[in-house]
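Below is one structure, written out as structure tokens; the observations come after it.
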Amino acid sequence: MCTHHGETYARRRAAFFDALAAASPSAVAVMASAPVFVRNNDVEHEYRQDSDFFYLTGFDEPESVAVLDAVTRKMTLFVRARDREREVWDGPRAGVDGARALHGADEAFAIGELDDKLPGLLQGHRRVVYRLGVSRANDDRLLRAIDRVRARARAGASAPTEIVEPGVVLHEMRLRKSPAEIETMRTGARITREAHELAMRRARPQMHEFEVEALLLDTFRRHGSERPAYGSIVGSGPNACVLHYRKNDRRMAEGDLLLIDAGCEYGYYASDVTRTFPIGRAFSREQQAIYELVLEAQLEGIAATRPGATIDEIHKLTVDGITRGLVRLGLLAGEPEELVKTEAYKRFYMHRTSHWLGMDVHDVGGYFEAGKPRPLEPGMVLTVEPGIYIAPDDDTVPPAWRGIGVRIEDDVLVTTSAPDVLTAGIPKTVEELRHACGG
Ligand code: GLY
Ligand code: MN
Ligand code: MN
């Protein structure tokens with residue numbers, strides 16, 4: 001896959017080598033592919049490559065290991081050997097030759113040779129950059145290889161003395177998106193927009209939530225998305241208040257709110273969008289009041305998504321706005337500042353406002369720097385997704401408010417100037433929703 005994108009991966013590896021070399025005079029990185037997960041008997045879950053591994057290699061086959069030497073700046077790939085019989089069942093493999101010719105490996109070997117070759121590749125390096133704890137089997141293999149280098153010490157070999165987490169360097173790289181990555185994310189956002197618009201047009205009373213989910217998945221796939229970026233949430237009525245609702249099996253009724261949190265994965269990048277709209281008729285007065293409050297907070301959060309601001313500040317803005325609004329509507333009683341301080345608002349707004357977005361839906365990258373929330377920089381992408389959820393059995397509020405759940409979520413790119421909403425254009429104002437909804 002992606003031979004024409006080989007340049008991209010070579011450039012990323014060059015930047016990775018630069019960063020490793022800057023931190024240590026002699027580093028070698030060992031990166032492993034994602035494992036295959038067995039579903040049952042001889043059936044496997046759909047395979048998806050590990051994001052870190054794919055980011056540096058563009059190689060999408062399982063049972064692969066990349067050794068990236070920051071001194072020689074060479075990549076050695078260990079891959080599944082060609083196997084005529086297996087390939088009849090599972091499809092073609094790049095093999096050792098393909099790893100070199102198509103995937104930019106300076107050297108390539110069959111994965112079966114890893115234990116033999118790894119000590120030689122580690123020897124003479126002080127630092128091994130490797131993520132411990134993900135796979136105990138891989139950890140053991142690496143430690144055995146280091147042990148074998150130590151055994152050669154009397155013959156003059158110097159063995160690594162440090163094992164260092166790759167994320168420190170790699171996740172900082174992934175956090176700042178290149179123009180090519182942003183273009184890919186824009187394409188994913190366009191597909192996600194199509195899916196949400198179709199769901200709005202088609203959702204009607206008496207339909208099941210899963211029928212709407214099917215429309216979303218169909219749209220993703222028809223436009224070339226590999227898969228949803230996470231399990232789609234299609235929650236109607238009281239289910240809109242279940243933050244990680246996944247059953248999607250309820251029959252919708254007229255007057256329900258439908259909360260759809262769904263985004264496609266495209267070219268290994270996630271989109272993550274939530275829209276909430278009424279089924280079969282206009283918002284009720286209470287639904288609309290909550291909706292407009294969430295929307296106002298979300299727009300304020302988006303407007304604040306600028307260089308130098310922090311995710312904490314964006315969260316504080318949306319919390320303040322929502323708390324003031326809940327007091328205005330009579331759903332919370334007291335001074336807004338006090339209700340924020342005592343976290344009384346958490347009864348209705350219990351999650352964070354933002355997370356990084358990229359190859360993974362909850363993407364990598366630190367949220368703090370030296371214990372303080374880190375300032376945003378151009379090239380970072382995050383979600384802004386406030387919500388209000390009034391439990392169906394909350395008898396502290398009048399019945400008309402109970403069971404209302406609203407979240408509005410967009411994907412926002414930080415730029416040197418105004419925030420760039422990648423998922424802009426998906427109907428969001430009350431007026432836009434009125435036009436977009438078919439039921
Ligand atoms: N869909 C996961 C999230 O919004 O964070
Ligand atoms: Mn979401
Ligand atoms: Mn999200």
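Read the numbers this way: they start at 1 and go in the same order the structure lists the ligands and their atoms. None of these values were measured; they are calculated from a predicted model.
- Ligand 1 does not have R407 within reach: every non-hydrogen atom of the residue lies 4.0 Å or more from it.
- When each atom of ligand 1 is checked for a heavy atom of E409 under 4.0 Å away, the hits are 4 (O).
- When you scan the N, O or S atoms of H355 for the one nearest the Mn ion (ligand 3), you land on NE2.
- Between the side chain of S271 and the backbone N or O of C264 there is at least one donor-acceptor pair closer than 3.5 Å.
- Within the 3.5 Å criterion, the main-chain N or O of I426 finds a donor-acceptor partner in the side chain of R275.
- Electrostatic pairing of D256 and R250 counts as a salt bridge here, judged by a charged N lying under 4.0 Å from a carboxylate O.
- Not one N/O/S atom of H362, from backbone or side chain, sits under 2.8 Å from the Mn ion (ligand 3).
- Here the rule is side-chain hydrogen bond (donor to acceptor under 3.5 Å, both in side chains) with Q298, and of R407, E385, K428, E409 only K428 fits it.
- Side chain to side chain, E226 and Y266 fail the donor-acceptor criterion of an N or O pair below 3.5 Å.
- Using modelled atom types, one finds a donor on one side chain and an acceptor on the other under 3.5 Å when comparing E209 with Y245.
- When each atom of ligand 1 is checked for a heavy atom of H362 under 4.0 Å away, the hits are 2 (C), 3 (C), 5 (O).
- Checked by atom type, the side-chain pair Y345/E343 shows no donor-acceptor distance below 3.5 Å.
- Side-chain N or O atoms of S24 include none that pairs as donor or acceptor with a backbone N or O of A21 at under 3.5 Å.
- Counting heavy atoms from C-beta on, the side chains of M252 and R204 never come closer than 4.5 Å.
- Annotation: atom 3 (C) of ligand 1 to nearest protein heavy atom, D272 OD2, 3.3 Å.
- For the Mn ion (ligand 2), the neighbouring protein N/O/S atoms at less than 2.8 Å, given as residue and atom, are D261 OD1, D261 OD2, D272 OD1, E409 OE1.
- Contact annotation: for I233 versus ligand 1, there are no heavy atoms closer than 4.0 Å.
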